[in-house]
Number of protein chains: 2
Amino acid sequence: MTGPTNKSEPHRRTRRDHATETAEDYVEAVAEIITEREVCRLVDLAKYFAVSHVTANRIVARLQKEGLLQTEPYQPIELTPKGKRLADRCRQRHEIVYRFLLSLGIDQKTAAIDAEGIEHHVSPKTLRKLEQLVDQSG
Amino acid sequence: MTGPTNKSEPHRRTRRDHATETAEDYVEAVAEIITEREVCRLVDLAKYFAVSHVTANRIVARLQKEGLLQTEPYQPIELTPKGKRLADRCRQRHEIVYRFLLSLGIDQKTAAIDAEGIEHHVSPKTLRKLEQLVDQSG
DNA sequence: ACAGAAGTTTAGCCTGTGCTACAATTTTGC
DNA sequence: GCAAAATTGTAGCACAGGCTAAACTTCTGT
Ligand SMILES: [Mn+2]
Ligand SMILES: [Mn+2]
Ligand SMILES: [Mn+2]
Ligand SMILES: [Mn+2]
């Protein structure tokens, strides 16, 4: 017995992936912006994701409550240790997926777009395989 | 100039993919269930996706309003021509992604789970590449 | 210094998708 | 034929994440 049914398990996993996707993309973005411009402000995130600053603000508040981000009113946004660890993991996974697509001969822009969505649905097992194939083709 | 910024385009595309994902999975499921058991009932969809029948019901109503599904009260759920075309396209794309993962040496269960999420983020360009690689390895 | 620009917060709206509880209808078994 | 089971529908809740408008705070340039 594998659970409810065979058919439903992939969909339950996909829903779970989507539930954590925003957190993953935001900590990754905060880390990247801090690396590039020292500090990460709300406006940077709003531009980065092409959403209103209000939407970005609410998501930052949620992720702070979840212990991934840290910020004070009107201050820059920082990563907690937990957020930093998640950001590092996500950046690595993202890069592996991106470089794998490049290794297939996909152009950079298409690879960047596809990788942004695909990354959240790649299991650890599949990720190891992609990494191995990227290394071989490198 | 490619639009707002380079960074935001992948995220706008991913959000758009997610906006159409439910429709794609539902028409695909309806087609599959009809093939396997002649008719597709609400309970079949609820089990298939592991959601309550209420959730399935509301989604079916939305997709009917969007012209993808057709149903009468207490009757089985059918695909409109438009829904059938979308289902066929999604089934093909899904299979290509699944078979591609298998061709990398991923086990069937993992490939099935990962493919369910990945399929919606594979651009036509990438899909053609995957199809070509699957055909070569076949 | 201080006015205007920039950035941030808050209030309030919408849609989509998840749920439980309960009502109504249809099918099934005896 | 009729009670029970299965199926479908409805009411009403929650939460995430999208938006605009408006208020508030901070920064900047003269
Ligand atoms: Mn992403
Ligand atoms: Mn996705
Ligand atoms: Mn699918
Ligand atoms: Mn899917």
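Every chain is numbered from 1 and lettered A, B, ... according to where its sequence line falls, protein lines coming before strand lines.
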* **Whole-Å gap separating P (dG18(C)) and CD (E21(B))** => 10 Å

* T14(A) (side chain) donor-acceptor with P10(A) (main chain) under 3.5 angstrom -> yes

* To do: Without swapping roles, check the side chain of T20(B) against the backbone of D17(B) for a donor-acceptor pair under 3.5 Å.
  => yes

* V30(B) and side-chain contact (heavy atoms from CB on, under 4.5 Å): which partner among T35(B), I77(B), L63(B)? -> I77(B)

* To do: Calculate the interatomic distance between R16(B) atom CZ and dG18(D) atom P; express it in whole Å.
  => 15 Å

* Asked: When you measure from the side chain of T71(B) to the backbone N and O of P76(B), does any donor-acceptor pair fall under 3.5 Å?
  -> yes

* What is the distance, rounded to the nearest whole Å, between atom CZ of R41(B) and atom C1' of dT7(D)? -> 7 Å

* To do: Indicate whether OP1 or OP2 belonging to dT17(C) is found under 4.0 Å from a side-chain N or O atom of R15(A).
  => no

* To do: Within residues 61-75 of chain B, find the residues that approach DNA chain D with a heavy atom at under 4.0 Å, and present them sorted by residue number.
  => P73(B), Y74(B)

* Asked: Do E32(A) and K7(B) sit within salt-bridge range, that is, some charged N less than 4.0 Å from a carboxylate O?
  -> yes

* Asked: Is it true that Y98(A) and L101(A) fall in one hydrophobic cluster, defined by side-chain heavy atoms closer than 4.5 Å?
  -> no

* Between atom NE2 in H18(B) and atom C1' in dT15(C), what is the gap in whole Å? -> 17 Å

* To do: Starting at atom CG of L45(A), determine the distance to atom P of dG7(C), rounded to an integer number of angstrom.
  => 13 Å

Measure all distances between protein nitrogen or oxygen atoms and nitrogen or oxygen atoms of nucleotides 1-3 of chain D, and list the pairs falling under 3.5 Å.
none

* So which one's nearest nucleotide on DNA chain D is more toward 5', P76(B) or T22(A)? -> P76(B)

* For F49(A) and dC19(D), what is the distance between atoms CZ and C1' respectively, to the nearest whole Å? -> 18 Å

* Start with the C-alpha gap between H121(B) and H18(B), add the side-chain angles, then the distance that decides, and say whether ring pair (Phe, Tyr, Trp, His ring centres under 6.0 Å) holds. => CA-CA 9 Å; H121(B) 302 290; H18(B) 287 159; 4.7 Å; yes

* **Audit row: T126(A), F100(A), side-chain contact (heavy atoms from CB on, under 4.5 Å) steps and yes/no** => CA-CA 12 Å; T126(A) 300; F100(A) 175 75; over 6 Å; no

* Asked: Is there a donor-acceptor pair closer than 3.5 Å between any side-chain N or O of D114(A) and the backbone N or O of V122(B)?
  -> no

* Structure fact -> Taking for Y26(B) and for C40(A) the nucleotide of DNA chain C with the nearest heavy atom, the one nearer the 5' end belongs to C40(A)

* To do: With a 4.0 Å heavy-atom cut-off, tell me which residues in residues 51-59 of chain B come close to DNA chain C, sorted by residue number.
  => V51(B), S52(B), V54(B), T55(B), R58(B), I59(B)

* Asked: So, does T80(B) use its side chain to make a donor-acceptor pair with the main chain of Q70(B) at under 3.5 Å?
  -> no

* Asked: For D25(A) and dA16(D), what is the distance between atoms CG and C1' respectively, to the nearest whole Å?
  -> 15 Å

* Asked: Of the options E95(B), H94(B), R89(B), R93(B), which is the one that meets R91(B) in a side-chain contact (heavy atoms from CB on, under 4.5 Å)?
  -> E95(B)

